[in-house]
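Here's the structure we're looking at; comments come further down.
Residue numbers begin at 1 in each chain, while the letters A, B, ... track the order of the sequences.
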Amino acid sequence: MTDSWDVRILTASYRREGPQEEPVIELFGRTREGKSVAVEYRGFKPYFHAVRPSQVLVNYFSKDSEVLKVEPLELEVQGRKTPCAKVTLQHPWKTPEYRERARKHGSDVLAADIPFAHRFIFDFDLAACVRVHGAPSTGKYTTDLVVKAERFEPCDPFNPRLKVVSFDIENTIKDPTILCLGLAWREDGGEIRTDILTGHEKDIILGFIEFVKRHDPDVITGYNIDGYDLPIMEQRAQVHGIPVLPLSRDGQGITNIGERFWRTHGRIIADAWWAVKLELHPKQESLDAVARWLLGEGKHDVDRVHMDDEWARNRERVLEYCKKDAELALRVLEKVARLDKAMDLGVVSKLPVDDTFNSRTSTMIDSILIRAADRQGVGVPMTRTGGGGKSIEGGYVHSLEPGLYEWVIALDFSSMYPSIIIEKNICFTTLSDAGTIESPMGVRFMNPQQRVGLLPKILGDLLRQRREVKAKMKAEADPERKEYYRRLQDAVKVLMNAFYGVLASSFYRFTNPEIGASITAFARENIKSVISQLEADGVRVIYSDTDSIFLESPSKDKDGSVAFGRKVAERFSAGNVNMELERVFRSFFSHGKKKRYAAKTAWPVEDELIVRGYEIRRTDAFNLQSESQKRDFDLVLDNDTEGAVRLAKELVAEIHAGRIPQDMVLEDGEPLEPLVISRTVSEDSRYVNPDSMSNVLAARKMRELGYEVVPGMKVSWIVVDAKKAPMHVEPWVSGRPFEFKPDWEYYARRVAQTLAYVTEVYGWDERSLLMGTVQADLFHENFDGEKEEPKKVEVLKTDKKLTLEDFF
DNA sequence: AACTGTGGCTAACTCC
DNA sequence: GGAGTTAGCCACAGTT
């Protein structure tokens with residue numbers, strides 16, 4: 001009896017079956033009706049290609065019992081049709097061994113590093129969702145359904161509700177013996193339920209395994225589980241004779257992929273910390289800080305250094321705390337909606353959710369490109385390893401003069417690199433000395449009449465797809481559907497950018513430095529030519545970065561600027577290259593350094609403060625610094641330069657005196673929180689001199705206090721003595737009182753430094769801002785700072801000379 | 001011997 | 001992933 005199920009694929013893997021250890025493909029997912037399902041497919045075999053195999057190699061492989069078949073075929077290798085052999089093996093894990101044998105016999109190998117489950121997905125051209133035809137079956141799976149698949153066909157994508165289980169452990173500091181394990185999940189998508197496992201450590205671990213088995217979640221989450229809870233659980237399980245943690249849907253263990261990520265058949269291991277970090281770039285990364293910020297709710301803290309005492313005296317509190325952690329991690333993961341995003345990326349890149357959640361972007365590009373290459377008989381090169389040759393030249397950045405400008409027009413080329421790839425037909429399949437398109441660096445590509453490249457074709461399709469989805473989004477009335485389309489078009493954009501990302505890297509399998517460098521060279525040539533054309537017409541170009549151009553508007557009003565901007569955009573749009581008017585700024589400020597500016601918009605929205613590069617945007621700036629700078633920008637951009645200088649002096653004086661302006665402290669926030677500095681910390685071994693680095697020192701003290709600090713995580717601190725070298729810092733633990741005295745002089749200096757970017761154009765540099773306060777403090781009266789005042793730099797004001805008509 | 005300024009160098013972060 | 005900015009350490013030289 002055969003039947004069919006529409007399945008959203010969550011993970012893809014294979015297992016070994018029977019004495020012959022035959023590989024069985026497993027696709028795990030959820031059906032349209034919301035049932036969890038394990039789909040099995042038998043009979044698919046691994047293979048790779050050997051280029052120009054010698055007869056000796058063919059004979060040698062043919063006699064080997066591991067090798068099922070050696071078939072001749074022709075593949076395009078470096079632009080030429082080349083005789084190759086398709087070598088089919090019995091066992092996927094044998095591929096590395098056999099590709100080395102082929103190499104020893106003088107053959108290059110192709111497509112010999114594609115994970116078996118991906119090979120299956122590509123060959124059957126499966127997408128994120130698929131209609132599975134087959135028969136109901138049974139097996140050692142925890143899923144609602146097991147299906148023995150016979151064939152697959154496409155189906156409309158859908159996003160089933162995923163079952164997520166969150167957990168958190170508490171352990172003693174030294175062993176680290178697990179004391180309890182908190183659990184949180186939503187019952188049928190409704191209310192959050194929590195539970196706690198405690199007692200003997202072994203029972204806790206077995207209890208968790210049992211819970212996962214019974215509950216059958218699609219996703220296992222928790223805060224910092226990748227780097228903390230899972231490694232500890234695995235370690236403690238081994239102590240009790242449990243070699244692997246069978247948290248999968250087929251009874252197998254969890255495995256560590258490349259230091260950070262974990263895999264388990266049928267489930268996605270989704271670290272909530274990692275999701276928040278990638279999606280929101282929070283300043284502080286502790287669960288307490290993130291939960292406060294995101295959910296407006298912290299957690300109660302327990303004394304971690306004395307966990308054993310706490311556990312003995314205050315057990316209920318620890319248990320509550322542990323459950324709360326699991327619950328908060330679950331809510332944080334839901335809030336950042338990264339699983340939804342991963343599903344959208346899965347739809348556009350035709351991959352299981354696990355791959356778009358936990359893999360590198362090159363996996364997405366592989367998914368699209370390998371299928372296309374296979375269809376056209378183009379050999380799939382191996383990913384280049386090692387090397388690390390010189391990197392290719394990137395985008396062009398125009399320098400900018402310091403000052404305040406009025407009426408500035410921002411234009412940019414939409415999807416510049418993809419447009420260039422399409423327009424210039426750039427591809428590894430068009431790279432040829434016979435080509436008629438020559439890049440500025442002398443690399444030649446065939447024109448589309450000679451041959452349409454794979455990359456241009458794919459990117460053209462994606463561009464079209466994005467336009468269609470955007471059109472649907474605009475036409476859609478239902479807000480939920482509209483939001484879905486918005487996310488989908490965003491996913492297409494992410495995928496397109498990822499294409500450029502991997503092409504620019506010299507390691508990606510399908511590209512080489514010549515191709516990447518040609519793309520950026522065309523881009524630089526293009527943007528520079530636009531700049532010189534505009535300048536030749538008398539338009540002042542203020543700034544430019546890669547694909548954007550900032551112009552001084554010839555008309556000093558909104559409508560005129562918009563009209564002018566539109567004309568310029570139209571003038572430089574042709575074919576696939578599209579220039580758009582992005583914004584019109586009423587005022588625009590920079591202290592003259594690239595990638596840093598602040599501006600106030602007039603169009604398309606009125607009065608929005610846009611800041612790039614400055615401390616306001618930086619996670620390693622303290623909030624007092626960012627907020628001070630923001631207020632100063634606000635004044636300067638409203639042309640209140642006197643006010644900006646006055647505010648700067650006042651702020652520096654206040655901080656110097658050890659006071660934080662009341663309105664800079666968040667409501668019900670800690671009074672010293674505006675002074676917190678956060679930075680990422682790596683392993684000690686990654687640093688030349690770890691002992692001299694604040695982040696390393698803060699991390700050490702955090703660990704001494706019993707907190708989990710994992711490489712790659714941000715640590716937070718307050719500077720208590722900057723005169724020492726290295727400066728003395730004390731860790732800031734969100735939700736716990738801070739018992740040290742900040743080095744106010746240091747903070748005043750940093751704020752002065754930051755504000756001086758703005759005020760020095762008006763005669764107040766960092767020193768004079770600081771001096772002003774020192775003098776005022778000493779004499780208890782105002783000091784006008786005249787002696788310290790450097791000569792005023794002339795303020796740049798855009799002068800009205802030209803009108804629209806001068807250019808068109 | 002204790003400051004001050006400079007420049008090399010490492011590291012982190014942001015903009016496209 | 002390249003381009004670019006900034007902070008902070010540290011060694012070294014020149015003052016005070």
Side-chain angles (χ1 to χ4, degrees), chain A residues 277 281-283 360-362 365 388-400 402 410-418 420 493-494 496-508 511 513 516-517 519-521 523-524 527 543-550 582 590-598 610-622 625-626 629 677-684 686-698 711-715 717 719 721-729 743 746-747 749-751 753-754 756-757 766-767:
Chain A
K277 187 183 176 75
H281 310 288
K283 270 197 175 174
R360 295 280 136 224
T361 49
S362 61
I365 309 306
K390 28 183 193 312
S391 53
I392 63 166
E393 196 179 336
Y396 169 71
V397 189
H398 202 60
S399 40
L400 76 178
L411 299 144
D412 65 3
F413 287 103
S414 45
S415 311
M416 180 183 240
Y417 289 132
I420 286 170
K493 186 181 165 186
V494 170
M496 282 176 41
N497 287 341
F499 259 96
Y500 163 68
V502 297
L503 292 172
S505 101
S506 42
F507 302 112
Y508 185 58
T511 190
I519 299 169
T520 55
R524 286 192 303 276
I527 203 91
Y543 181 54
S544 165
D545 185 347
T546 309
D547 59 359
S548 67
I549 292 193
F550 293 68
E582 195 181 58
S590 173
H591 73 296
K593 291 287 146 63
K594 292 170 174 180
K595 295 185 189 279
R596 296 204 158 200
Y597 58 84
I610 303 282
V611 180
R612 291 289 118 95
Y614 282 114
E615 279 74 358
I616 292 177
R617 314 251 327 168
R618 295 180 64 94
T619 55
D620 60 348
F622 48 99
Q625 187 185 15
S626 311
Q629 192 183 34
I677 297 169
S678 302
R679 275 195 143 190
T680 303
V681 64
S682 310
E683 300 97 332
D684 278 14
R686 299 266 281 102
Y687 298 105
V688 174
N689 188 4
D691 297 341
S692 73
M693 299 195 60
S694 304
N695 51 354
V696 174
L697 301 178
M713 187 167 243
K714 277 189 173 40
V715 284
W717 68 85
V719 175
D721 188 356
K723 285 207 183 67
K724 301 275 192 329
M727 59 169 66
H728 287 190
V729 300
D743 182 341
Y746 166 82
Y747 282 99
R749 201 194 80 230
R750 290 284 307 273
V751 171
Q753 223 169 343
T754 293
Y757 294 142
E766 179 200 336
R767 257 170 65 86

Using whole Å, report how far OH of A:Tyr597 lies from P of B:dC15.
8 Å
By the 4.0 Å heavy-atom rule, please label A:Ser548 as base, sugar-phosphate, or nothing.
nothing
Nearest to the A:Arg749 side chain among C:dG8, C:dC10, B:dC15, which nucleotide is it?
C:dG8
From the candidates C:dT5, B:dC16, B:dA12, the one with an atom nearest any side-chain atom of A:Lys593 is C:dT5
Given DNA chain C, 5'-ward residue of the pair A:Lys595 and A:His591, judged by closest heavy atom
A:Lys595
If you check every side-chain atom of A:Lys714, which of B:dC13, B:dT10, C:dG4 has the closest atom?
B:dC13
So does A:Lys493 have more than 12 non-hydrogen atoms from other groups sitting under 6.0 Å from NZ?
no
When the distance from CD of A:Glu582 to P of B:dC15 is rounded to whole Å, what number comes out?
13 Å
Base, sugar-phosphate or nothing for A:Tyr687? Non-hydrogen atoms, less than 4.0 Å.
sugar-phosphate
Name the nucleic acid region contacted by A:Tyr417, choosing base, sugar-phosphate or nothing; use a 4.0 angstrom heavy-atom cut-off, strictly under.
nothing
A:Arg617 side-chain proximity, nearest of C:dC10, B:dC15, B:dC13:
B:dC15
Base, sugar-phosphate, or nothing: which does A:Asn689 touch, judged by heavy atoms less than 4.0 Å apart?
sugar-phosphate
Counting side-chain heavy atoms from C-beta on, which of B:dT10, C:dT6, C:dC10 comes nearest to A:Val688?
B:dT10
Provide, to the nearest angstrom, the distance between the OH atom belonging to A:Tyr508 and the P atom belonging to C:dG2.
17 Å
Taking the six-membered ring for Trp, is the centroid-to-centroid distance between A:Tyr614 and A:His591 below 6.0 Å?
yes
With no hydrogens and no angle check, is any side-chain donor or acceptor of A:Tyr543 less than 3.5 Å from a backbone partner on A:Val397?
no
By nearest atom, which of the nucleotides C:dA7, B:dT14, B:dC16 is closest to the A:Arg618 side chain?
B:dT14
Once you apply a heavy-atom cut-off of 4.0 Å, does A:Tyr757 come out as touching a base, just sugar-phosphate, or nothing?
sugar-phosphate
What I want to find out is whether A:Asp545 reaches A:Lys595 closely enough, with some N-O distance under 4.0 Å, to be called a salt bridge.
yes
Would you mind classifying the nucleic acid contact of A:Met416 as base, sugar-phosphate or nothing, using non-hydrogen atoms under 4.0 angstrom?
nothing
To the nearest Å, how far apart are A:Leu400 CG and C:dA3 P?
18 Å
Tightest non-hydrogen contact, residues A:Arg524 and A:Gly395, listed as CG-C, 4.2 Å
Among the nucleotides B:dC16, C:dG4, C:dC10, which one has an atom lying closest to any side-chain atom of A:Asp547?
B:dC16
Would you indicate, yes or no, if C:dG2 has its OP1 or OP2 atom less than 4.0 angstrom from a side-chain nitrogen or oxygen of A:Ser391?
yes
For a quick test of reading the model: is some side-chain N or O of A:Arg750 closer than 4.0 Å to OP1 or OP2 of C:dT6?
no
Specify the separation, in whole Å, of atom CD of A:Glu615 and atom P of C:dG4.
19 Å
Can you tell me the distance, in whole Å, between the CD1 atom of A:Ile616 and the P atom of B:dC15?
11 Å
Would you mind telling me which of C:dA7, C:dG2, B:dA12 lies closest to the side-chain atoms of A:Gln753?
C:dA7
Please determine if a side-chain N or O atom of A:Thr546 lies less than 4.0 Å away from the OP1 or OP2 oxygen of B:dC15.
no
Separation of atom OH in A:Tyr614 from atom P in B:dC13, rounded to whole Å:
20 Å
Short side-chain N/O contact from A:Thr680 to OP1 or OP2 of B:dC13, under 4.0 Å
yes
Interatomic distance where CZ belongs to A:Arg612 and C1' belongs to C:dG4 [whole Å]
16 Å
Nearest of C:dA3, C:dC10, B:dC16 to any side-chain atom of A:Val397?
C:dA3
Counting side-chain heavy atoms from CB outward, which of C:dG2, B:dC15, C:dA3 is closest to A:Glu393?
C:dA3
Looking across every strand, which nucleic acid part, if any, lies under 4.0 Å from A:Asn695 by heavy atom: base, sugar-phosphate, or nothing?
sugar-phosphate
Show your reasoning for whether side-chain hydrogen bond (donor to acceptor under 3.5 Å, both in side chains) applies to A:Gln625 and A:Thr754.
CA-CA 7 Å; A:Gln625 187 185 15; A:Thr754 293; 2.8 Å; yes
Just checking A:Tyr746: base, sugar-phosphate only, or nothing, at a heavy-atom cut-off of under 4.0 Å?
sugar-phosphate
Using every non-hydrogen atom in the two residues, find where A:Lys714 and A:Ser678 come nearest and quote the distance to one decimal.
CD-CB, 4.3 Å
